[in-house]
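The next block holds one structure in the form of structure tokens; read it before the comments.
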Amino acid sequence: MPCSRPSSGWGAPRPPPTPSQPAPAPAPPGYTTQQDPEHFEIAVPSGWERRGMNEAGQVRYTDGEYVLTVVPGRDKVDGNPDPATYQKDKEPELAPYRSSTWASGGDVKTTKVGSQLRVTGRYTWIDGNGRSVVARNFVVALGGSYHVVMVTGPQDGEGKVTEVFEKATGSYKSGG
């Protein structure tokens, strides 16, 4: 008799998985809560397309020129967590900002939630196609790694970038 799925090696089929996490929080209107296969949960605007984990350790949700990038713990914390220095000097997602001939940054805020240091910032730069890009960026150290949530879009769409950023960062939960 053919078996449609591999056995556990003990001759009995595996039991179905049981939910180990609580149900996702309800998403704001116009958003869906994604329980991503890369072990995080986040609110994403309805209709945005998910791109799987790339070679840079990023999961992206896109809608035209707007991109929500999530880096769920790619870079390890070296010593004491310092998300502000990581964001400013090391975070690969901000390399275009650091290398642009015209760039500005500001609104960098560090907050402490429980024992977690969180850093947010607002950045603009001219991309390789001559377009003015705005980014809202969030970094938090969780479980010995830095987690990044960044939303980018055209500078004239800054309101949408900010709205998506606020909903995404307000809902981000690491699951592993």
Salt bridge (Lys or Arg N to Asp or Glu O under 4.0 Å) contacts touching residues 79-90 (sequence neighbours left out): none
Derivation and outcome, side chain to side chain contact (heavy atoms under 4.5 Å, CB included), residues Arg118 and Thr169: CA-CA 11 Å; Arg118 300 171 175 221; Thr169 57; over 6 Å; no
Could you state the interatomic distance from CE (Met150) to OG1 (Thr120), rounded to the nearest 0.5 Å? 14.0 Å
Is Asp78 paired with Lys76 through a side-chain N to carboxylate O contact shorter than 4.0 Å? no
Is the closest side-chain heavy-atom distance between [X] and [Y] below 4.5 Å?
X: His147; Y: Tyr172; result: yes
X: Glu163; Y: Pro45; result: no
X: Val161; Y: Thr152; result: no

Group every Ile, Leu, Val, Met, Phe, Trp and Tyr by side-chain heavy-atom contacts under 4.5 Å, then state whether [X] and [Y] land in the same group.
X: Val108; Y: Val151; answer: no
X: Tyr97; Y: Phe138; answer: no
X: Val134; Y: Val164; answer: yes
X: Val44; Y: Phe165; answer: yes
X: Leu117; Y: Tyr86; answer: no

Answer with yes or no whether the side chains of Glu93 and Tyr123 bring together a donor and an acceptor at under 3.5 Å. no
Show the nearest heavy-atom pair for residues [X] and [Y], with the distance to one decimal.
X: Trp125; Y: Pro96; result: NE1-CB, 3.5 Å
X: Arg74; Y: Gly57; result: CD-CA, 4.3 Å
X: Ala141; Y: Gln116; result: O-CG, 4.5 Å
X: Ala27; Y: Thr33; result: CB-OG1, 3.4 Å
X: Leu68; Y: Ala168; result: CD1-CB, 3.9 Å

Listed partners of Arg131 passing salt bridge (Lys or Arg N to Asp or Glu O under 4.0 Å), at least two apart: Glu65, Asp127
Test side chain to side chain contact (heavy atoms under 4.5 Å, CB included) on Tyr61 and Gln34 and set out the steps. CA-CA 10 Å; Tyr61 294 89; Gln34 297 292 320; 3.7 Å; yes
So Trp48 and Tyr66, would you call those rings parallel, tilted or perpendicular, with 30° and 60° as cut-offs? tilted
When Asp63 is tested against each of Arg50, Arg51, Lys160 for salt bridge (Lys or Arg N to Asp or Glu O under 4.0 Å), which residue passes? Lys160
Out of the candidates Leu94, Val71, Val70, only one should pair with Val148 under the side-chain contact (heavy atoms from CB on, under 4.5 Å) rule; please name it. Val71
Donor-acceptor check, side chain of Asp36 to backbone of Phe40, threshold 3.5 angstrom: yes or no? no
